[in-house]
Amino acid sequence: MTIKPKVFELQTDRLLLRPWRSEDFPLFAQMNADPEVMAYYPSVLNNDESNALAHKFSSLLLNQSWGFWAVEHMDRSEFIGFVGLHKPQYHLPVSPCIEIGWRLAKEYWGNGYATEAAFASLYFAFEQLNLAQVYAFTPVANQKSWSVMQRLGMENTQNNFKHPMIPKHHTLAEHLLYKINKQQYHITAKESLFRVSIKNV
Ligand SMILES: CC(C)(COP(=O)(O)OP(=O)(O)OC[C@H]1O[C@@H](n2cnc3c(N)ncnc32)[C@H](O)[C@@H]1OP(=O)(O)O)[C@@H](O)C(=O)NCCC(=O)NCCS
């Protein structure tokens, strides 16, 4: 009998990063159908594509015990999107690597939620998984996303690359590559007011 690892949940002052639930799926589909949320992806997702992605993130999280967590706003008990850590399956200039990523429904932008949840993910990456570094990448034009990277104290490696899953001449192909190591993370942790707790559920 194979024993599955327990899933880690991360909690901050306002947010819970937890396993996916079936009731998250329709809300995830709504955000993936929103052209503003998907402005820096090749296209919006239809219902089936969104559900397939949620299933993928959910099973990776359950099998690995960490991954792209469903993020819940605790006071409002609402699913607001996903944030977390992921092993990209395609080849990147820094492969093999662990990336940090995020996508929130538009109504939750502008409150610091992405940075708060991402900080919790970095806490997990460095204090629990003991990683040496974490990468993040985004199309050059996605200022909101690279602003999160900068708020986390990540460093622009200046090694822009063409994303292998996007056609070479597409306007979204060129990506910025950011990186944070344990020492840089400790500086962010010291300067920030974020509190994180980890639970094994
Ligand atoms: C990328 C994304 C997650 C960023 O969201 P965001 O709301 O800009 O980022 P945060 O949640 O960290 O919020 C930061 C903003 O909240 C403001 N804010 C308000 N209250 C705050 C608080 N209590 N604490 C911290 N910041 C707060 C900050 O000043 C900042 O505003 P600014 O952008 O005007 O400077 C969001 O735009 C998104 O989901 N985009 C679509 C998906 C996507 O592109 N993902 C990345 C693909 S690579």
Side-chain angles (χ1 to χ4, degrees), residues 10-17 20 24 27-45 49-50 53-54 56-57 67-76 78-90 92-94 97-123 134-157 159-166 170-180 185 188-189 191-196:
L10 314 182
Q11 192 178 314
T12 65
D13 284 347
R14 300 181 293 178
L15 305 170
L16 180 65
L17 281 68
W20 291 72
D24 302 332
L27 300 168
F28 190 48
Q30 265 174 36
M31 57 183 266
N32 288 327
D34 180 341
E36 245 188 283
V37 171
M38 300 303 281
Y40 299 103
Y41 297 88
S43 65
V44 294
L45 302 185
E49 290 165 333
S50 176
L53 190 62
K56 180 179 157 188
F57 291 166
F68 280 142
W69 285 275
V71 180
E72 179 176 320
H73 187 286
M74 286 192 297
D75 279 355
R76 295 165 66 170
E78 285 169 354
F79 168 82
I80 70 169
F82 76 79
V83 174
L85 305 167
H86 182 68
K87 282 183 209 160
Q89 297 305 303
Y90 38 74
L92 293 171
V94 288
C97 66
I98 304 288
E99 65 158 317
I100 183 165
W102 35 72
R103 190 183 306 172
L104 300 186
K106 198 172 50 202
E107 62 188 286
Y108 298 102
W109 296 2
N111 294 286
Y113 296 141
T115 305
E116 185 170 321
F119 178 82
S121 305
L122 289 181
Y123 175 91
V134 172
Y135 290 90
F137 44 89
T138 193
V140 175
N142 194 350
Q143 183 176 354
K144 282 192 181 302
S145 190
W146 54 254
S147 297
V148 176
M149 297 169 198
Q150 293 186 348
R151 281 194 289 274
L152 292 168
M154 300 186 82
E155 172 196 347
N156 185 344
T157 64
N159 291 321
N160 290 13
F161 68 97
K162 298 268 187 184
H163 196 292
M165 302 307 280
I166 302 178
H170 196 290
T171 49
L172 296 176
E174 188 177 348
H175 276 56
L176 298 169
L177 180 66
Y178 275 71
K179 175 183 172 180
I180 185 165
Y185 157 76
T188 303
E191 289 172 353
S192 78
L193 297 172
F194 294 123
R195 289 180 297 186
V196 186

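Quick note: numbers below take in every heavy atom, side chains included, and nothing from hydrogens, waters or symmetry partners. Note that ligands are numbered from 1 as they come in the structure, with each ligand's atoms numbered from 1 the same way.
- In this structure, Asn32 CG and Glu49 CD are separated by 9.0 Å, a value rounded to the nearest 0.5 Å.
- A distance limit of 4.0 angstrom between heavy atoms and ligand 1 selects the residues Arg14, Val37, Tyr41, Trp102, Arg103, Leu104, Trp109, Gly110, Asn111, Gly112, Tyr113, Ala114, Thr115, Phe137, Thr138, Asn142, Lys144, Ser145, Val148, Arg151.
- Aromatic ring centres of Trp20 and Phe68: separated by at least 6.0 Å.
- Taking CD from Glu99 and OH from Tyr178, the interatomic distance works out to 16.0 Å, rounded to the nearest 0.5 Å.
- For the pair Arg103 and Tyr41, the cation-pi criterion (under 6.0 Å, within 45° of the ring axis) is fulfilled.
- Closest of all the heavy-atom pairs between Asp24 and Ala70 is OD2-CB, 3.8 Å.
- Distance check, rounded to the nearest 0.5 Å: OG of Ser192 to OH of Tyr185 gives 7.5 Å.
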